[in-house]
Number of protein chains: 2
Amino acid sequence: MNEPQDKNSTINDVARLSGVSKRTVSRVINKSPKVGKSTRDRIQKIIDDLGYSPNAQARGLASRRSYLLGMIYDNPDALYINDVQRGVLSICREFGYELVVHPCDMTSDSLISDAVNFANRSKLDGVIVLPPVSENNDLAGALGKAGVNYVRLASIALDTAKHVVISNERSAAAAMAEYLVTLGHRRIGYIAGPQGMRSTRERLEGFCDALEIHGCKPDLDMIALGDYSFESGINCTRELLANENPPTAIFASNDEMAVGAINAAKDMGLDVPNDLSIAGFDDSILASRIMPSLTTIRRPVQEMARFATSKLISSIDGREEEAKTPIMLVPSLIERSSTRAIDLT
Amino acid sequence: MNEPQDKNSTINDVARLSGVSKRTVSRVINKSPKVGKSTRDRIQKIIDDLGYSPNAQARGLASRRSYLLGMIYDNPDALYINDVQRGVLSICREFGYELVVHPCDMTSDSLISDAVNFANRSKLDGVIVLPPVSENNDLAGALGKAGVNYVRLASIALDTAKHVVISNERSAAAAMAEYLVTLGHRRIGYIAGPQGMRSTRERLEGFCDALEIHGCKPDLDMIALGDYSFESGINCTRELLANENPPTAIFASNDEMAVGAINAAKDMGLDVPNDLSIAGFDDSILASRIMPSLTTIRRPVQEMARFATSKLISSIDGREEEAKTPIMLVPSLIERSSTRAIDLT
DNA sequence: CTATAAATTGCTAACGGTAGCATTTGTTTT
DNA sequence: AAAACAAATGCTACCGTTAGCAATTTATAG
C-alpha cells in the first residue's frame, strides 16, 4: 500500500500541514462527528500521505486508555493456553487492542504484586486471568482494589461478579462417566489431576456423582492420583491395571494422561478399545492424532476466551451490565475410537 | 508482600511526601548514582510504602523507551509458536520487558503496513519476526526504513545483518535422509511442505542432496506434495504407498504429516516400523506421544528465541556488534521407534 | 435583517515522567 | 581561609495526545 510512516510525524505535523489546530486533527483521529466534511477529508488525506499514526503512549497518557490488554497465566506448556490466546487475540483485533502476555509463577509469593504491577505499570486497560491462576481469590481481590479491570476464566462460578464461567467441568465429567456406564462399564478407573486445583476437584466430583447416580459406587481402588502429565498417566494406568479386579475402562481427567494410559495399556498388551476403553478430557491436538483416536471432552476454550475478552472490553467501556451478565458454555463429549461398549457375550 | 500500589500515586506524590524535587525521585527510580545515600533510602522507603511504580506510558513518552517488545507471526496454530513465545518471554522477564503478541495474515497486502503500524503506534522498542513471515524481505525493509528495531528468526541466512539463523534445516533434512539410507533404505518417500515456503525448499533440497551423495537418485514418484497438515500427511502417504514400487521409508517434512503417515500406514495394515519406517521433522509434542514414537529432527526453537531476543535487546541498547554476531544452532536427530533398519534377510 | 441556536474549530492545561542545565552544599587543595 | 572542584539536588522545558471551554462561523428562526 502507501508508504509506511516516517517514524517521525506527529499530530503537530499533521495540524501544520493541513492548516488547522491539533484539536481538530485529534477530532478526526478519534472520529468525532463534529468536524466539517471537507476539513475531515483534507486532514485524512494528509494523515494518509504522511503515514501518520498516533503515538499510543502519548495517547494513553492523556486519555488514560492504552488499548492494551494483558493475559496472566501460569503453566505455559498447557496446550489450552494457545487456544485461549487465539480467542483473546481475535477480539483484540476486532476492537483495536493489543495483547500483552504475562506468564507468572503461581507458587511465588510475589505473584499478587507481580500481577498488579504488571497491570498498573503497563497501564493496561484490563487483564484476563486464566486458570489455574484465576482460582486465586486474593489475586482477584488485589486487582480489584488496585483499580484494575479484569475478567477471570474459570471452570465454575467464582465468588465475584467479574468472571466468566468457562464450563461446568463437573457436569462434563459426569457426562463422560455416564457415557461409560451406558457402554456397559461397571468398573471404571479414574486418573485424577494434581491436588489443590479446582479442576481436579470438579472433575473428580462429577465422576463420582455420576457413578453414584447410576448405582455403581465409586471404588477407592479405582481412583489414581496423577498430575496431568503424560508420565503420570502411564504410572496411574499401570497401578489401576495391577488391581486384582482391574477396570474395563479408564477415564483420565486430561488428554495427556489419557494418551499415557493408551501407551501403558498397549505396552501391557492390551488392545484399546477392545480390552480397555480409555477416555480423556480437553480435546487437545493429541486426541485426534493418537491411534486409536481419543474419546474426550471438548471445552469451548476459544469461544470462552472470546466472550471473556468481549466482556472485559464492555467493562472497560463502562457497560457494566453487559460485563456482568454471566456466561456459561457447555462442554461436549466427543466420541471417538478409544471407547466401546463392553462385550457382554 | 507489601500493599500493592494504590492505582494513584505519581512521582509528584513521592516527591512531595519526601520533600525533594521530582528530579531527585526520578534519579532514585532510575538508579542514578548521584543521589545521597540517606536521601535515596528515605525516598525508597516512601516509594515502597506508597507502592508507587512509575507510569510506563509517561516514562516511555519522555524517554522514548517503552520496554515493550513485539512478536509478529502468522500461523498461530503451529505448535512451535508456543516454544518461541516461551523462549522470548524468558528473556523479556530477565531484562524487564513485556511482550506484545501480534498475529498477522501473511497473505494480506496490508501485512507490511500492519506490522509497521503495530511497532510504531505501540512504540515498541523492538520486534521479533517469526517464520514464515520473517522470510518476507519487503517487510524487513519496511521495518528498517521505519526505524523499527527488529530481529528475524529464520531457517537459513537471510540477506540482511539483522537476523538469527535458527538452524540449517537443509543439513538437518540431509542428516535424516542419510540416517535412513544408513538403515538400509533405498526407496525413501518424501512428503514436502506447502509451495513457496522457505522451509519447504530447504528441507527438500537437503533430502535430495543427501540421496544424491549416497548414490540413490531421488525419484520423482517418491516425492509427494503436502502442506504441513495432518490430512495431507495421510493423503500423501496413500499416494506414495500406491506406487507400484512403494517406499520402505517415508520422511515427512514435519511431524503433523508424519503422524498422518503413521495413521495412514496403520490403516493400510502396515506395521510401523517393521513394514515401513517413518520420520518427521520438528519434534513437536506429538512425536513423543504417538505410538510408535517418532524419529524426528529437533530444532532448538526455544533456545533460538532466547538468543534472538537477547540480540534484539542488545541492539536496542546500542550494542550493535553484539546484535550482529551471527548465531546458528544446529538441529539434532532424535531417534525413536518409528524407524528401523531394513530387513535384509 | 437581527437574534439565537447549531455546527465548527481553536486554545491550552493537563497526563506522569525524563534529562539538560543551574544551583546549592560539601570537600579538598593550597 | 579562600579557591577550586565534586557531589547532591532543584528547576523546567519537553514528549505527543486528549478534552474542557472559549471563540468563531454558519444555519435557522422570528
Side-chain angles (χ1 to χ4, degrees), chain A residues 5-44 46-47 50-68 96 117 120-125 147, chain B residues 5-44 46-47 50-68 96 117 120-125 147:
Chain A
Q5 58 260 62
D6 231 339
K7 57 194 149 192
N8 337 318
S9 69
T10 73
I11 195 174
N12 296 303
D13 300 328
V14 178
R16 186 164 30 72
L17 259 51
S18 42
V20 299
S21 75
K22 58 199 264 197
R23 182 71 180 85
T24 301
V25 176
S26 174
R27 285 196 181 89
V28 351
I29 294 173
N30 296 291
K31 309 198 189 312
S32 153
K34 28 184 61 179
V35 185
K37 173 90 174 75
S38 65
T39 317
R40 147 164 290 120
D41 290 348
R42 182 161 43 89
I43 297 180
Q44 188 59 55
I46 295 194
I47 287 180
L50 226 45
Y52 163 77
S53 98
N55 178 319
Q57 295 185 309
R59 199 174 205 182
L61 182 57
S63 68
R64 277 98 208 306
R65 270 292 202 101
S66 64
Y67 282 94
L68 245 36
N117 275 329
N120 262 24
R121 169 154 35 208
S122 306
K123 290 301 161 204
L124 303 178
D125 287 345
Chain B
Q5 61 259 63
D6 231 340
K7 57 195 150 195
N8 338 317
S9 70
T10 73
I11 195 175
N12 296 303
D13 300 327
V14 177
R16 184 164 32 71
L17 259 49
S18 42
V20 300
S21 74
K22 62 199 260 194
R23 182 68 179 88
T24 300
V25 177
S26 174
R27 286 195 179 91
V28 172
I29 295 172
N30 296 292
K31 309 198 189 309
S32 155
K34 30 182 62 178
V35 187
K37 173 89 171 74
S38 65
T39 317
R40 147 165 291 120
D41 290 347
R42 183 160 42 90
I43 297 180
Q44 188 59 55
I46 296 195
I47 288 181
L50 226 45
Y52 163 77
S53 99
N55 178 320
Q57 295 185 311
R59 198 175 207 181
L61 181 57
S63 69
R64 279 101 209 304
R65 269 294 201 96
S66 65
Y67 282 93
L68 246 35
N117 275 329
N120 262 24
R121 168 153 36 206
S122 307
K123 290 300 162 203
L124 303 179
D125 287 343

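Below, each value reflects all heavy atoms present in this structure, side chains not excepted, and no hydrogens, waters or symmetry copies. Chain letters run A, B, ... following the sequence lines, proteins first, then strands; residues in each count from 1.
- When heavy atoms are screened at a 4.0 angstrom cut-off, A:Arg27 is found touching base atoms of the nucleic acid.
- Contact check, A:Ser21 against C:dG10: a side-chain N or O comes under 4.0 Å of OP1 or OP2.
- Straight-line distance from the CZ atom of A:Arg121 to the P atom of C:dG16: 16 Å, rounded to whole Å.
- Atoms NZ (A:Lys34) and C1' (D:dT18) sit 14 Å apart, rounded to a whole Å.
- For the pair A:Asn55 CG and D:dC14 C1', the computed distance is 14 Å after rounding to whole Å.
- For D:dG16, its base never sits under 3.5 Å from the side chain of A:Lys22 at any donor and acceptor pair.
- Taking atom CG on A:Asn30 and atom C1' on C:dT8, their separation rounds to 16 Å, with Å as the unit.
- Summarising the geometry, the separation between NZ on A:Lys37 and P on C:dT8 is reported as 12 Å, rounded to the nearest angstrom.
- As rounded to whole Å, 13 Å separates atom P of D:dC15 from atom NZ of B:Lys123.
- Under the 4.5 Å side-chain criterion, counting only non-hydrogen atoms from C-beta, B:Arg42 is in contact with B:Val20.
- Taking every heavy atom of both residues into account, A:Val35 and A:Arg27 meet most closely at CG2-CB, 3.5 Å.
- With DNA chain C read from its 5' end, the first of the two nearest nucleotides for B:Ala62 and A:Val35 is the one closest to A:Val35.
- In this structure, A:Tyr52 reaches the D:dT17 phosphate: one of its side-chain N or O atoms is under 4.0 Å from OP1 or OP2.
- Contact record, B:Tyr52 with B:Val14: CG-CG2, 3.8 Å, taken as the closest heavy-atom pair.
- Here B:Thr39 reaches the OP1 or OP2 of D:dT9: one of its side-chain N or O atoms lies under 4.0 Å away.
- The NZ atom of B:Lys31 sits 19 Å away from the C1' atom of D:dA8 (whole-angstrom rounding).
- Taking 4.0 angstrom as the limit, B:Arg59 places none of its side-chain polar atoms (N or O) nearer than this to OP1 or OP2 of C:dG16.
- C:dC11 atom P lies 12 Å from atom CZ of A:Arg23, rounded to whole Å.
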